[in-house]
Number of protein chains: 2
Amino acid sequence: MTDAVDPPKARRPNTRLEEVARAAGVSKSTVSRVINGEPYVSSRAREAVHQAIGKLGYSPNQAARTLAGSRANCIALVVSEQGARVLADPFFAGVLRGVHAELAGKRVQLVLMMSKEGDEQDLVNYLCGGHVDGVLVISLHGQDPLPRTLADAGLPTVVGGRPLGAGGVPYVDSDNFNGAMEAARYLVSRGRKRIATIAGPRDMAVGMDRLSGWKRGLSQARLDTDLVAYGDFTPESGAAAMADLLKRAPDLDAVFVGADIMALGALQTLHAHGKKVPDDVAVVGFDDLMIASTAVPPLTTIRQDVEQLGRTMTWRLMAELAGEENLPPFLLLPTAMVTRSSA
Amino acid sequence: MTDAVDPPKARRPNTRLEEVARAAGVSKSTVSRVINGEPYVSSRAREAVHQAIGKLGYSPNQAARTLAGSRANCIALVVSEQGARVLADPFFAGVLRGVHAELAGKRVQLVLMMSKEGDEQDLVNYLCGGHVDGVLVISLHGQDPLPRTLADAGLPTVVGGRPLGAGGVPYVDSDNFNGAMEAARYLVSRGRKRIATIAGPRDMAVGMDRLSGWKRGLSQARLDTDLVAYGDFTPESGAAAMADLLKRAPDLDAVFVGADIMALGALQTLHAHGKKVPDDVAVVGFDDLMIASTAVPPLTTIRQDVEQLGRTMTWRLMAELAGEENLPPFLLLPTAMVTRSSA
DNA sequence: CCAAAACCTGGGAGCGCTCCCAGAACGTTC
DNA sequence: GAACGTTCTGGGAGCGCTCCCAGGTTTTGG
């Protein structure tokens, strides 16, 4: 004795491909072909399907596509949380904007993941679990093995910022070396003789590359490269490093700070020590954050295009996913000097 | 005449639930129950499954879960791109961090979407297409109908920042009104008499709420509330607004700027006009960005906890998804005055 | 001591799509 | 006009999971 018709199963939230097929008077297969832009579909059928899709407001179910097909139509952006904090917000937001801009129009979703302490294995499991087609990694600290692990697992991976411990994994970075060298040369050209630097942390390539560039710029001019202090990409660390430098060399007349955010702190310290910028001490930063132009005095700096970095990483990854061959193993984006009044 | 066995179908990237079941000596159903933390599983079976999962490095296929089950285990964070630019990076990055922190441990993915001009329909289709369980929306401008549309479609939605055109959609916001009022009262208590304000854009609630709070604070002290200028959350607009105010009231002795980022510009203008801060003109900002403390002079400001905003939005959404009843329709987060030297 | 309730377990039908295969409707060529 | 492409089309078998159902095993209670 069965009851009458059963309404409980009334869960039909969305249009399905089959309904589109019926509305267009074709088969599921044909609709699928149209959606995926495959050839071998008559223009008549194609037209009918497009009409039906429009009328029904159909949006294909990603989960089903992923399950049935082989790709997830989805890439991950992985940020080491610690790194996100250290490298400061604007960097991250800029990259994100670039990634998104490059993804526009492509039917690819972006999922965001932050690696947490102790969570690494879960992260790797998830990423390698076929849930994403590729991975973008940024804010690497030290010898983080993540990119290597992912690449070894056969997952297309692109790193933002030269990774220290992941030889062979493709990366995109700003040309920190040449940017820093340009800054150093500029200071030399303005007649500065005793030029210091505040570098980023020793376990990040971005810090080391800018330091190397500064060294090269100075040594080409036969100047000493002994005035090096280190910070961690915070204003406070910049202030402390500046104080240290001033103590070691009260006669310094210029400083290249490897990040605008630290330059802000350095500027405060100089001010507190009664040093006029740029008359007594010239200051050049790096990054060209929005705040560089509103610093007092407005900061001369090396601009890096962070949004472009995000775009380029994404382009590189998508190209690899599209099966392109002979892609460059790494890409360096040019920097540009922005002259304001601090140097 | 068929060929011998066919190896072409050799795509077996990951462990499947069934293999775990076999390894643990139980059925698929039981493994599924363990994974989903359901009751009615013997501890012996549970143990065996956990062991098998650990040994095989199994990670469930999200696509399949989504397809078979009813939820996507995934929420979207939608940012209006224009808004992201205007409200400036730190806001966005902070919210994101909060969202992520709150999601930690929950098996929920975050997909990021930026609404682009003309893309709205696609966005709505996608979001309502069952690909996500809920939506977080931030950076709303004007009367954006998006939250209303989503909510009407039955999709759980939480807005960050009071939405102007979406009555009834739950939201979380900093208590801009009271924060601004506190700023105004503080200036009054310091003996300032001619107090101006630089407000945010008229089509954003955050701008209007801070303006209202400032007005209330002044009118309670029976002071004039006529010195209002508007900016758009950029340093340049802050500088221009300050210049305008100075022209209209050369005797003004205090200004409440509705965003630190604009305060930076205002500070520049005041400096250029030879006004000493805080002696001639006291300045109070809003937000307490990292740069507030490195401004010259360091900025007195109203702190809002942006990360907490992200956390709270996420908590509210997850609570709704968990079926909790009688949730508050909106939540206001307290602000705090941070006294530095600009006022 | 036996019925009812509370626990556990496995089987199997889909979820909505893609992709393979077989075949129809056309030419085109010898 | 038979034999062959080439273009188009539909049918249907899964993808890996969840969830319902049916049944088995224990515990409880009168």
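Using a 4.0 Å heavy-atom criterion, one finds that S29(A) contacts the bases of the nucleic acid, with or without backbone contacts as well. Here R46(A) lies out of heavy-atom contact (under 4.0 Å) with every strand. R71(B) comes within 4.0 angstrom of the backbone, heavy atoms only, and of no base.
Using a 4.0 Å cut-off between a side-chain N of Lys or Arg and a carboxylate O of Asp or Glu, E19(A) and R16(A) qualify as a salt bridge. With salt bridges taken as basic N to acidic carboxylate O contacts below 4.0 Å, one links E307(B) and R97(B).
In terms of modelled atom types and a separation under 3.5 Å, the side chain of S29(B) and the main chain of S27(B) share no donor-acceptor contact. Remark: side-chain polar atoms of N73(B) are not paired, donor with acceptor, to backbone N or O of V108(B) under 3.5 angstrom. Panel note: side chain T30(B), backbone V26(B); no donor-acceptor pair is recorded below 3.5 Å.
Here dT18(C) is the nucleotide among dT18(C), dG11(C), dC15(D) with the atom lying nearest to any side-chain atom of R65(A). The side chain of R33(B) sits closest to dC21(D) out of dC15(C), dC17(C), dC21(D). Closest to the K28(B) side chain, of the nucleotides dT18(C), dA13(C), dC19(C), is dA13(C).
At dC15(C), none of the side-chain N or O atoms of N61(A) fall inside 4.0 Å of OP1 or OP2 (strictly under the cut-off). In this structure, S27(B) does not reach the dG11(C) phosphate: none of its side-chain N or O atoms is under 4.0 Å from OP1 or OP2.
Residue I53(A) contributes atom CD1, which lies 13 Å from atom C1' of dC17(C) at whole-angstrom precision. In this structure, the CG atom of N36(A) is 7 Å from the P atom of dC19(C), given to the nearest Å. Spacing between atom CD of E18(A) and atom C1' of dA13(D) amounts to 15 Å, rounded to whole angstrom units. The CG-P distance, from N73(A) to dG16(C), rounds to 18 Å in whole Å. Spacing between atom CG of L67(B) and atom C1' of dT18(D) amounts to 10 Å, rounded to whole angstrom units. In this structure, I35(B) places its CD1 atom 9 Å from C1' of dC17(D), rounding to the nearest Å. Whole-Å rounding puts the E38(B) CD to dG10(C) C1' distance at 14 Å. Rounded to whole angstrom, the span from the CZ atom of R44(B) across to the P atom of dC8(C) amounts to 11 Å.
Considering L123(A), L150(A), L136(A) as possible partners of V78(A), the one that fulfils the side chain to side chain contact (heavy atoms under 4.5 Å, CB included) test is L123(A).
Under the ring pair (Phe, Tyr, Trp, His ring centres under 6.0 Å) criterion, H131(B) pairs with Y126(B), sequence neighbours left out.
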Distances for protein N or O near nucleotides 4-8 of chain D N or O, under 3.5 Å:
unit_1: dT7(D); atom_1: OP2; unit_2: Y40(A); atom_2: OH; d: 2.9

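Within a 6.0 Å radius of NZ in K55(B), other residues, nucleotides and ligands contribute 12 heavy atoms or fewer.
Taking CG of L17(A) as the start and OH of Y58(A) as the end, the distance is 4.0 Å to the nearest 0.5 Å. Between the CG atom in L112(B) and the CG atom in L77(A) there is a gap of 9.0 Å [rounded to 0.5 Å].
Rotation axes derived from the C1' atoms of the five outermost pairs at either end of the helix from dC1(C)-dG30(D) to dC30(C)-dG1(D) lie 40° apart, to the nearest 10°.
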